[in-house]
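Here is the naming used below: chain letters follow the sequence lines, and residue numbers restart at 1 for every chain.
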Amino acid sequence: MFIKDFINAITAPYFLITAAAILLLVSLKYPDKFYTSKSGAIVFACMFGFLGISVLDPNFRLIVTKADNVPIVGMLFLVPFFTWFALREAVRNDKRIAEGKPLVEQEETADKVLTWPDLVYTELICMVVLTVVLIGWSMALQAPLEEPANPSSSPNPSKAPWYFLGLQEMLVYFDPWLAGVVFPGLIIVGLMAIPYIDTNPKGNGYFTLRERRWEITTFLFGFLILWILLVILGTFLRGPNWNFFGPYEFWDIHKLEALVNVNLSEYIWVKGLGMGLPKNPIIREIFGFLVVLGYFLLIPPLLAKTWLKRFYQTLGPIRFHVMTFLLLAMTALPIKMVLRWLFNLKYIIGIPEYFFNI
Amino acid sequence: MHKRSLPLCASLLMVALVAGCGGGSNETNVPPPGGPGAPGGTTFDMSKANATITGKISFEGTPPPNDKIQMSADPYCAQHAAQNPTTETVKVSDGGLENVIVFVSSGLSAGATYATPTTPVEINQENCHYTPHVFTMMTNQPLKVKNSDMTLHNIHAWAEKNPQFNVGQPVKDMVSETKFKNPEVPLPVRCDVHKWMGAFIGVFDHPFHTVSKSGGSFELKVPPGNYEVTAWHEKFGKKTMMVQVGDNDKKELNFSFNTNDKGTAD
Amino acid sequence: MSSETPNEGGHKKPPIPTPAKKIPALNIDKRGDRLYEVIYLHKWFAISSLLLFGFTVAMVMVDYSREWKRYQREFVRLQIQRTQRDMQQVSSSLDRAKFQQLQQQLQQTRAQQQQNEAQIDKIQKQLNDLNAKYYAADENYRFAKAVYDSDKYEYEEAVATKRSNAPKLAEKLKETEKRMNDYKAQSEKLTLDIRASNTELDKYVGKRNEIQKDMETMLADYTRLQTRLNTLNPGVIVTSFRNAPVFDFMNPSERINQIIVNNLYNDQPFKAIPRVDRCTTCHLGIDQKTYQDAAQPFTTHPNLDLYLASSSPHPMESFGCTTCHAGLDRATSFQNAGHMPHSEEQRKEWQKKYNWHEQEFLETPMLTTNDIQAGCYKCHNASPEVPQAAAFNSGRDLIRIYGCFGCHKLPGYENIRKVGPDLSTVSGKLTKEWVRKWLANPKDFKSQARMPQFWWNSNNSGSTGNTNWDKRNAAEINAIAEYLWSKSKPKQLPPGRTNGNAVAGKQIVETVGCFGCHAIGPIQEAANQTQIRRRHGFNLENQGSKVSQSWIYNWVKDPTQVWPETKMPSLRLTDEEAANVAAYLSSLKNPEWEQRPLPEIDQAALDDVTLELLRTNSTDIEAHEKLKDMTAEQKNLFAGERLISRYGCFGCHNVPGFEKAQPIGTELTEAGSKLISQLDFGFLPIEHSRRAWYEQKLKDPRIFDVGRVKRPEELLKMPNFRFSDKDVEAVSGVLVSLVKDPVPLEMRDKTPQAVADGRQFIAEKNCRGCHLIEGVGGDIRPTKEQAQWPPNLNTEGFKTQPLWLHSFLKDPGSVKLRPWLTARMPTFHFTEQQAATIERYFSALDRVDYPFISTDVETDTQRLSVGADLFMKLQCTSCHPTSNAIPPGKSPEDLAPNLQLAHERLRPDWVLQWVRDPQKIFPGTRMPTFFPPNDKGVPVSPFPNILGGDVTAQIQAIRDHLFITVGGGRRAARSGTVTK
Amino acid sequence: MANFKDWLKETFKALSPARVGEYIQESQVYRSIFRVGVPDSDRKRMLVMLGNVFLHLHPVKVRKSGIRMRYTWCMGGITFFLFLSLTFTGLLLMFYYRPTLEYAYVDIRDLREQVPLGIMREIHRWGAHAMVIAVWLHMYRVFMTGSYKPPREFNWNVGVILLVLTLLLSFTGYLLPWDQLAIWAITVGSNMARATPFAGHEGPGSALLKLGDIAFVNNQSDMRFALLGGRFVGEAALLRFYVLHCVGLPLVAGFLMAIHFWRIRRDGGISGPL
């Protein structure tokens, strides 16, 4: 009971996201400690053990065995597995590089084999096995079908398809125009821009961490924390009214969370300066504008001068500014999260009159 | 040519086989003789009822007196009935209670059916009384109602599980016949013209029932088995006892009523 | 396309990061230039292919083995079993001796035939020749006719268009016609020849054919069963081939059965989806009589006379299944169809047997067998009751009796008077102290009180938060009482007599018919007789502790003088009777309750209540200020008014100042379709279904607040009626029946308006408290001897003459029809229209004319004298007096109605039917039939010598005697005969 | 008799699998289709790769390290194969499914309860989920091995678009069962389009797009309306999603897949350290 309560408590979004981010960064700092076969075995044993014991809990079972959630349970294992696998390979390669040995991949690089049968045959086997898996899965689990569509009765919670739950989770922190339109757009643009921004010639065609530490850290933070983790959070830990529910908690529709979020303008005008909010929204939100503009316009040159000087030099101004813009957009999400958790900040700029809220 | 047609032949053969199997067996014209005692739908062989249950319905204490009847409304009855007529509710002789229906109330094998006797049971209206006062019969067994009086009687069966039966008999020696489809114990019979006239019928879907005779004795022939036997009296109500009889067995079963027993509504 | 060079020139070749010292890969020699050994891949391929094969087969099997197929196979087995049994029966009942005889005869004829073989062969040959010739001739004829037809057309066309070759064509036509006729003659002659030959052949073989035919007829039943058996069981190979996967697309024996009802839809949002009932896919014996004893799902429907059969009022083809039963129409598995268990045991059994679980997504789960009557209402909503649905109707009766419609909008209860007494005169009837004690817990005073309990319920007892409910409730009640007294204008009544005899009064109350509508204390259950209507009037328990004897006297003497709108009729009590009744009723006291102290009124609690009410439309500070300025009385009046408005007292009572207030309850018009997500189950561990919620709500309406932290004004307000479990079940049955399920017009109940209005009216007047109407009612019966039962009103419309009925309804006291009855038909002071409603209702029920009928009897003198003779012989006067005097030696309860009144009371046609078979009209009547049916069901007269034993004529004669001679009614003039 | 025996023997010999195989392989029909025959020598193996339209997407020879499972995770192949099986099962489902409000739901129900091989729906749905995961993991692997680096920048971009298309395919398919799960998932998803800057009626800037008092972006002219063909998820949306799901998006995806595969070859095969 106590353990369940404890787990319910530590899966709260603010804790879960922070802890996962810290864990990721630390593990990347000391990859040769974290990404070994032994540690992998321990972690996965723990995960399976956790799942095995937890399904005994009715509330946990209810949410995990919901037909559409089963693939996400699979993903919950697959993504960490491949992360661990890729980084273990990378650690090995890094070690070889350090020792002056050829890479794991390189050992065979020059050898070419005939596509028939080595590739074609393995592909065929792969297909057959996959078909078997699909059929087995389909026999074991019936596709969900609920009551006929009824636009007048919205289920609570109403969830988007699971792969968009990361976006729906972002809605907690940002308005739809950002979480639903701008961010997805930026994600696509950002992904497409990667090859053009990343001019590091190393690490092409093999697993490595040391040679691409910056790129990999950034990508993993974005992919694992800001996407996969949010999907999982949205699937398993968000219940009615999009409230947080621990994995062993019953999804009670009456659970309420206090909505006490405050805009930046109120912080400054009302709490800071002790005066009423100005009528004109531009003046009212002037500080927000300053913050946002400052964030996107002042930080890049500042970085170029200081911390990322090296990048500025190698990338040139265009690449550098595109990169910093995308990075800043990405870090806007964790920043807003932290601000929300710490200060109950609702909007930095809040002009609901024009749906312009950031 | 030959080589090619081999599989074709085989498949044709298969089809033929299948068709043959399907339609092959409808040549039979004469049905096999159905032997007696085939399961379901056949009736119970009464020769198997070879066990005997005998007993006495005893009455303890002083039997309560029967009510006096006022017959002045119908001069015919007043004239023909005995002096100081009473009802026949309690009849005790030798410490035995008469007119008690004794019957097997459970333990018969489920699904068994019993031949319905075609001989009718008779009830007579004589001198403004029903004779017999209590009797038993089987469902669908004919009941003959006779009026031996020179006055109007109506025989009204106050049935609950059967359609009610109410026939007026204005003519002497008139006979009406009826049947009861459903078992009902007791089924009271009354004459609405002469309200003192009453009788009780036990209607059963099996033949294992009787009415205690003068002196309270009764005898039941039953097949071997384990039974619950019930005794019912119009005033003193129901009593049940268990009995187990074997092949050709003879068992004695004695019921006892006393003044404190109260009849139930049914 | 084997070029492998990466795009040269496009991009710079990325530098190789580490010194490229080629190191041979491990075991490269062994593998050659292979990554994998082929055999290794073969192995994996073999394993995975086998797996794939296995899984594919498994998939087809899993997909193929549907639940409904299993049931269909089982049913076929059952059918085969039954057919075999039938065959055995048929064969054992076969007359074997006769069959053998026929067989012998057949052999004999065969032997005879052999002797004449040559002759037969000859004829046969001849016949064959003739047949061949006939075939040719007939073909010629048909061809010739075809030519003729086309020539005819050509000719007609030529004539019509006035073409020049018309005459030529006419000739040609004649020619072809002749040819055609020749061939026709030829073929006709051949037909005759064939017939002759056949006749000749018959001489030799006819006998044999005849015998064979006889044998076939004898075996017809058997052969039919045999054929059936062969169809059912064509062999394993055929069956499994027909139903094998893939092949089953052609003509499988296992297939979906469905009923599609015209114009019946599932009303889904956006669109109505045609209803397709697939229930009969598994319920295969549902419409066949012979499966009554079969196990589910094959069992026959328990009431085929009323449902499914094409001759019944609800044929399966036009009503389907889910119309009444609900459930998911297209589903073919036990779980998905939405079966619902009727009991906890069944639930457990199903969980075990079918892996059943509640379906969270199904909006319309099947009605359980207990609830099934709730399915009737969606069509049968034209009148206030559903025929034959006793449980459902009692639910509707309860709603009317308890006045749920006062607060909730409910279909079928529009424009009904509020159930509670008028409070505008309350101070003339009751004391304030009594009201305060009463309101605290009505059931405490009268165990059967209909007034529900508003205070000291599960959400306002003890103390929660800052509220001490004992103090607060007392203050609230007091405020309401104060308000009522301040508004009440008592009626001036004459002083009532208080010198009655309670014992005599008791006798009157018990006999005169009070118990048709009232009871004293709990009602004793009676088998086969509902007594719900005895709750129509308030319970008389402890009445003496409530009102004064003088008031009771005035009330029972004439209720309308006290309250003009009352439903209570006048029983025409004399002053003395009224005094006795008043004495008896006021002797019904509850001294213990009377002595109970009144709860003290806490001023602080009153302030709290007032403040809270003040705050609803002013700010805190304003409210406090207002409160400060109020006197205690002002506070009480203010709080009283607001509390009445909060609790909705005016839903049941006429409260001065609330004449136009709107009812406060939730509308329940579509209670049966309410989404479960809209029902607040609170923290109760009960089943999340509509039915369970309604039941819980009715049992304890406020229990959903338990465990919730709420301010007093947010609490649930529905009062507790303390319904019994049975009542709860009945009422919630009605609630779940109020579904939003549009049924097509042709399915709807077509009860005539006159009947619907009549039912509504007799329900309002509680006629069925005493009378049996349409076979329902007579609630008073358990309190009376059978002889004292008020009359059954079956066939009342057909039975009575409109004029008589009208005058009787207007003034029942004027008619002494059954002098032996102690119960009185009360005087309701019906208006003309109300009386007409009742009369029209009875007439419409029996489909007889109203109001203009002829009561003249067509007869002649001879028939009258026969009637008189029969009247004597049948000794009708043994029971029926012909005057108002009671015959000597008879007590009133032995008597039947006075026949002198018959001619102006009864319809002549009704008497004919009544005398023929009284049991048919009033089952259980003491009137015997004198014409019992014989074996063939034909009525037989005990006097075969009178009028030739013609039963109809005899009955007519009796009737004529009764109407003309006994009653002195009018004779109709008959043409041709002279009437004197 | 002996003749017959010989004949029988000969026949059996002629019918032995090896002979039949030979016979078939020598037939003109077979040779017209399969030019190379059984690839039992390296030469033939190369010819197969060159001559077969499907196989020629692969090079004749590949780098050994490039086809190692530990390197590729086989995720691209799995994604492609899932696409194929989804096409197949989807085609079968199209025989039964009618994209109208009247029938969409009940057809799915029938697939579930009555239609033979209705299990195709399960395969389709689970395959779709698996494809989304596989395509993410494919991208993950490509990133982790730095395989987007020159010369493969363009193919990475094609891949990103394919990833988006996969999500859209899944999203459009999600509506088709027309149950509460479907309609509300799509409602939630498409509600975001309402907030598109400038193009959504609840998006920032849309209020600026007006002439006088006439707003150009309202709830009947914005992105969401275009997506759903109406103001709410209704029959038009169902049809629109159906067409996109069954025709539009698969066509585009197929087209881009061809490019994607082609570019793998053109860009030097599966990546690897050079």
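Interface remark: of the candidates A/Thr115, A/Val120, A/Leu78, A/Thr115 forms the most heavy-atom pairs closer than 4.5 Å to chain D. No other option in D/Ile183, D/Val158, D/Val233, D/Val188 has as many heavy-atom pairs under 4.5 Å with chain A as D/Val188. Of all the listed residues (A/Thr83, A/Val70, A/Ile228, A/Asp175), the one sharing the greatest number of non-hydrogen pairs under 4.5 Å with chain D is A/Thr83. Of the listed residues (D/Val164, D/Leu167, D/Val48), the one with the most heavy-atom contacts under 4.5 Å to chain A is D/Leu167. Listed options D/Ala195, D/Pro204, D/Gly234, D/Gly146 were ranked by heavy-atom pairs under 4.5 angstrom with chain A; first place goes to D/Pro204. Counting heavy-atom pairs under 4.5 Å between each of A/Ala179, A/Pro148, A/Ser154 and chain D puts A/Pro148 at the top. When each of A/Pro144, A/Pro176, A/Gly74, A/Gly180 is scored by its heavy-atom pairs under 4.5 Å with chain D, the top score falls to A/Pro144. Of the listed residues (D/Phe143, D/Trp136, D/Phe80), the greatest number of heavy-atom pairs within a distance under 4.5 Å of chain A belongs to D/Phe143. Ranking A/Val79, A/Leu167, A/Asn200 against chain D, the residue ahead of the rest is A/Asn200, based on heavy-atom pairs under 4.5 Å. The candidate with the highest count of non-hydrogen atom pairs below 4.5 Å against chain A, out of D/Arg112, D/Met49, D/Met120, D/Met139, is D/Arg112. Among D/Gln180, D/Arg125, D/Met192, the residue with the largest count of heavy-atom pairs under 4.5 Å with chain A is D/Gln180.
Annotation: D/Met131, atom CE; neighbour count of heavy atoms from other residues, nucleotides and ligands within 6.0 Å is above 12. Heavy atoms of other residues, nucleotides or ligands lying less than 6.0 angstrom from CZ of D/Phe88 number 12 at most.
Cation-pi contact between D/Arg141 and A/Phe207: absent, since separation from the ring centre below 6.0 Å together with deviation from the ring axis within 45° is not met. Cation-pi geometry between D/Arg121 and D/Tyr97 is not met: the NZ or CZ atom fails to fall both under 6.0 Å from the ring centre and inside 45° of the normal.
A/Ile351 does not touch chain D: none of its heavy atoms, backbone or side chain, sits under 4.5 Å away. Interface residue A/Phe164: only side-chain heavy atoms are found under 4.5 Å from chain D. Using a 4.5 Å cut-off between heavy atoms, D/Ile161 touches chain A through its side chain atoms alone. Proximity to chain D (any heavy atom under 4.5 Å) is restricted, for A/Leu171, to the side chain, taken from C-beta onward. The part of A/Leu224 that comes within reach of chain D is its side chain, from C-beta onward, which places non-hydrogen atoms under 4.5 angstrom from that chain. Interface residue D/Leu137: only side-chain heavy atoms are found under 4.5 Å from chain A. The contact between D/Arg45 and chain A is made by backbone and side chain atoms together, counting heavy-atom distances below 4.5 Å. Looking at A/Thr199, there are no atoms closer than 4.5 Å to chain D (heavy atoms on both sides), in backbone or side chain. With a 4.5 angstrom heavy-atom cutoff, A/Thr122 does not touch chain D via any of its atoms. Residue A/Asn93: no heavy atom, backbone or side chain, is found under 4.5 Å from chain D. Neither the backbone nor the side chain of A/Leu209 comes within contact range of chain D, judged by heavy atoms closer than 4.5 Å. Heavy atoms of D/Arg194 lying under 4.5 Å from chain A are absent altogether. Looking at A/Phe223, the atoms closer than 4.5 Å to chain D (heavy atoms on both sides) all sit in the side chain, from C-beta outward. Contacts of A/Pro184 with chain D are absent, with no heavy-atom separation under 4.5 Å from either backbone or side chain. For A/Val182, the part sitting under 4.5 Å from any heavy atom of chain D is the side chain, from C-beta outward, and nothing else. For A/Glu147, the parts lying under 4.5 angstrom from a heavy atom of chain D are both the backbone and the side chain. Residue contact with chain D, scored on non-hydrogen atoms closer than 4.5 Å, involves the backbone and the side chain of A/Gln142 alike. At a 4.5 Å heavy-atom cutoff, A/Asn357 makes no contact with chain D through either its backbone or its side chain.
Across A/Ile225 and A/Leu229, no two heavy atoms sit closer than the pair O-CB, 3.3 Å. The nearest pair of heavy atoms linking D/Phe241 to D/Phe171 is CE2-CE2, 3.9 Å. Of all the heavy atoms in A/Pro151 and D/Trp184, the pair that sits closest is O-CZ2, 3.4 Å. A pairwise comparison of heavy atoms in D/Ser190 and D/Leu228 identifies OG-CD1, 3.7 Å as the closest pair. Residues D/Ser85 and A/Leu134 share a closest heavy-atom pair of OG-CD1, 4.0 Å.
When side chains are defined from C-beta on, A/Phe356 counts as touching A/Ile349, because their heavy atoms get closer than 4.5 Å. Side-chain contact between A/Glu169 and A/Trp242 is present, with at least one heavy-atom pair separated by less than 4.5 Å.
Under the 4.0 Å criterion applied to side-chain N and carboxylate O atoms, A/Asp198 and D/Lys149 are assigned as salt-bridge partners.
Taken from CG in D/Asn155 to CZ in D/Phe261, the straight-line distance is 9.5 Å, to the nearest 0.5 Å. Note that CH2 of D/Trp178 is 5.5 Å distant from CG of D/Leu101, once rounded to the nearest 0.5 Å. A/Ile125 contributes atom CD1, which lies 13.5 Å from atom CG of A/Leu130 (distance to the nearest 0.5 angstrom).
Taking the six-membered ring where the residue is Trp, the centroids of A/Phe355 and A/Trp177 are separated by 6.0 Å or more. Annotation: A/Phe183 is in aromatic contact with A/Phe174 [ring centroid separation under 6.0 Å].
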